[in-house]
Amino acid sequence: MHVLVLGGTTEARELAGALHPVPGLRVTSSLAGRVAAPRLPAGEVRIGGFGGPEGMARWIRDNAVDAVIDATHPFAETISFNAAEAAATAHVPLLALRRPGWVPGAGDDWREVGSLAQAARAVAGAGRVFLTTGRMGLAAFAGVDDAHFLVRSVDAPEPPFPPHMEVLLDRGPFTLEGERELLARHRIDVLVTKDSGATATAPKLTAAREAGIPVVVVRRPPTPAGVPVAASVAEAADWLQARSEGVSG
């Protein structure tokens, strides 16, 4: 059985690591190639786009893929919808692996918004903004000229981006002590983040709560209609095992 894992996330690497040793199972992980030095998963790896849903469907057929698991970032909306269309075209089962989202707790001051554009409007004139939404979405904040942004990303961003900006190149996981120090040292007034749900980046939320800093949280886009969702690597592995038994039977 050949499974295509669309990934780049921690969960995608963990899933590939769990599936790779299984006898009779071939695992190919597909990475978008947006990070200069990605952490490679176990098994076969392809890097780069497919050329839209038609190209992905063609790749699935040409490489005799039996199942697809979309383990991309919760905000990788385009690839998720492409995967749904490609899987339907190629007549293979598709599962979305989505880590649970964050839930506000006592003392949190969260302001939920539906998009990066709404987040940009929410922080206009807000002072010093810690922006942790990734370098690919900086264009949404390019027009905000009355706030200073501290932007944290794995790779250096490219324009367009905010006129008043400092870049911090770093990769998680991050510690609570480190996030506390960062917020204090940069005199942060507001934090902006996507609801990625990752434990590796969650300490910033605790640090913001402790410091009384409001958090603008961008809600996740919906999963494509009709696509089943697993909340953990174990659930995804169980789903694939059921598919494998169906193929072998």
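Just the heavy atoms: all of them, side chains too, but no hydrogens, waters or symmetry mates, feed the values below. No experiment lies behind these values; they were computed from the predicted model shown.
- Residues Leu31 and Ile69 are members of separate hydrophobic clusters, defined by side-chain heavy-atom contacts under 4.5 angstrom among Ile, Leu, Val, Met, Phe, Trp and Tyr.
- With values rounded to the nearest 0.5 angstrom, Lys204 atom NZ is found 7.5 Å from Glu179 atom CD.
- Between the side chain of Asp70 and the backbone N or O of Ala96 there is no donor-acceptor pair closer than 3.5 Å.
- At least one side-chain heavy atom of Trp102 sits less than 4.5 Å from a side-chain heavy atom of Leu205.
- Under a 3.5 Å cut-off, the side chain of Arg46 and the backbone N or O of Gly48 do form a donor-acceptor pair.
- Nearest heavy-atom pair across Thr132 and Arg152 is CG2-NH2, 4.3 Å.
- Ion pairing between Arg111 and Asp109 holds under the 4.0 Å rule for side-chain N and carboxylate O.
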Assess whether side chain to side chain donor-acceptor pair (under 3.5 Å) is satisfied between Arg98 and Ser80, documenting all intermediate values.
CA-CA 11 Å; Arg98 293 289 183 269; Ser80 293; 2.7 Å; yes

Walk me through it: do Val217 and Thr193 pass the test side chain to side chain contact (heavy atoms under 4.5 Å, CB included)?
CA-CA 5 Å; Val217 181; Thr193 187; 4.3 Å; yes

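- Here CD of Glu77 is found 10.0 Å from OG1 of Thr223. Values are rounded to the nearest 0.5 Å.
- In this structure, Leu240 and Ala67 approach most closely via the heavy-atom pair CD1-CB, 3.9 Å.
- In the hydrophobic clustering of ILVMFWY residues, with side-chain heavy atoms under 4.5 Å counting as a link, Val144 and Val215 come out apart.
- Contact of the Phe149 side chain with the Leu138 side chain is not registered, since no non-hydrogen atoms from C-beta on lie closer than 4.5 Å.
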Before giving the answer on side chain to side chain contact (heavy atoms under 4.5 Å, CB included), spell out for Trp239 and Leu97 the whole-Å C-alpha distance, their side-chain angles and the decisive distance to 0.1 Å.
CA-CA 11 Å; Trp239 176 88; Leu97 172 56; over 6 Å; no

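- Counting heavy atoms from C-beta on, the side chains of Leu95 and Arg243 never come closer than 4.5 Å.
- The closest donor-acceptor contact from the side chain of His73 to the backbone of Phe75 lies under 3.5 Å.
- For the pair Met165/Leu131, no side-chain contact is recorded, criterion being any heavy-atom separation below 4.5 Å from C-beta on.
- Grouping the Ile, Leu, Val, Met, Phe, Trp and Tyr side chains by contacts below 4.5 angstrom, directly or via other members, places Phe174 apart from Leu168.
- Hydrophobic clustering places Val113 together with Val123 (ILVMFWY residues linked when any side-chain heavy atoms are closer than 4.5 Å, directly or through intermediates).
- When all heavy atoms are compared, the tightest approach of Val129 to Ala147 is CG2-CB, 4.2 Å.
- Looking at Val192 and Phe141, their side chains come closer than 4.5 Å, going by heavy atoms from C-beta outward.
- When the options Thr78, Thr89, Asn82, Ile79 are evaluated for a side chain to side chain contact (heavy atoms under 4.5 Å, CB included) with Pro53, the one that passes is Asn82.
- Here the straight-line distance linking atom CD of Glu54 with atom CD of Glu85 works out to 6.0 Å at 0.5 Å rounding.
- For the atom pair CZ of Arg61 and CE of Met56, the computed distance is 12.5 Å after rounding to the nearest 0.5 Å.
- Nearest heavy-atom pair, Ala231 versus Pro100, reported as atom, atom and distance to 0.1 Å: O-CD, 3.6 Å.
- Looking at every heavy atom in both residues, Leu169 comes nearest to Val167 through CD2-CG1, 3.7 Å.
- Environment of CZ in Arg220: crowded, with over 12 heavy atoms of neighbouring residues, nucleotides or ligands closer than 6.0 Å.
- A 4.5 Å side-chain heavy-atom check between Asp155 and Arg135 finds at least one atom pair inside the cut-off.
- Contact detail for Leu116 and Ala140: the closest heavy-atom pair is CB-CB, 3.7 Å.
- The side-chain heavy atoms of Leu150 and Glu166, taken from C-beta on, include a pair separated by under 4.5 Å.
- Atom-to-atom distance recorded for Glu181:CD and Thr175:OG1 is 9.5 Å, nearest 0.5 angstrom.
- Of the possible donor and acceptor atoms, one in the side chain of Asp189 sits under 3.5 Å from a partner among the backbone N and O of Arg128.
- Looking only at side-chain heavy atoms (C-beta outward), Phe50 and Ser30 come within less than 4.5 Å of each other.
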Validation: residues 1-26 side-chain donor-acceptor distances under 3.5 Å, sequence neighbours left out:
residue, atom, partner, partner atom, Å
His2, ND1, Asn63, O, 2.8
His2, NE2, Thr28, OG1, 2.8
Thr9, OG1, Ala12, N, 3.1
Thr9, OG1, Ala71, O, 2.6
Thr10, OG1, Arg13, NH2, 3.3
Glu11, OE1, Arg99, NE, 3.2
Glu11, OE1, Arg99, NH2, 2.8
Glu11, OE2, Arg99, NE, 3.0
Arg13, NH1, Gly8, O, 3.3
Arg26, NE, Glu44, OE1, 3.4
Arg26, NE, Glu44, OE2, 2.8
Arg26, NH2, Glu44, OE1, 3.1

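- Side chain of Asp108 to main chain of Gly105: a donor-acceptor pair is present (N/O by atom type, distance under 3.5 Å, no hydrogens or angles).
- No continuous path of ILVMFWY side-chain contacts below 4.5 Å connects Val151 to Leu191, so the two sit in separate hydrophobic clusters.
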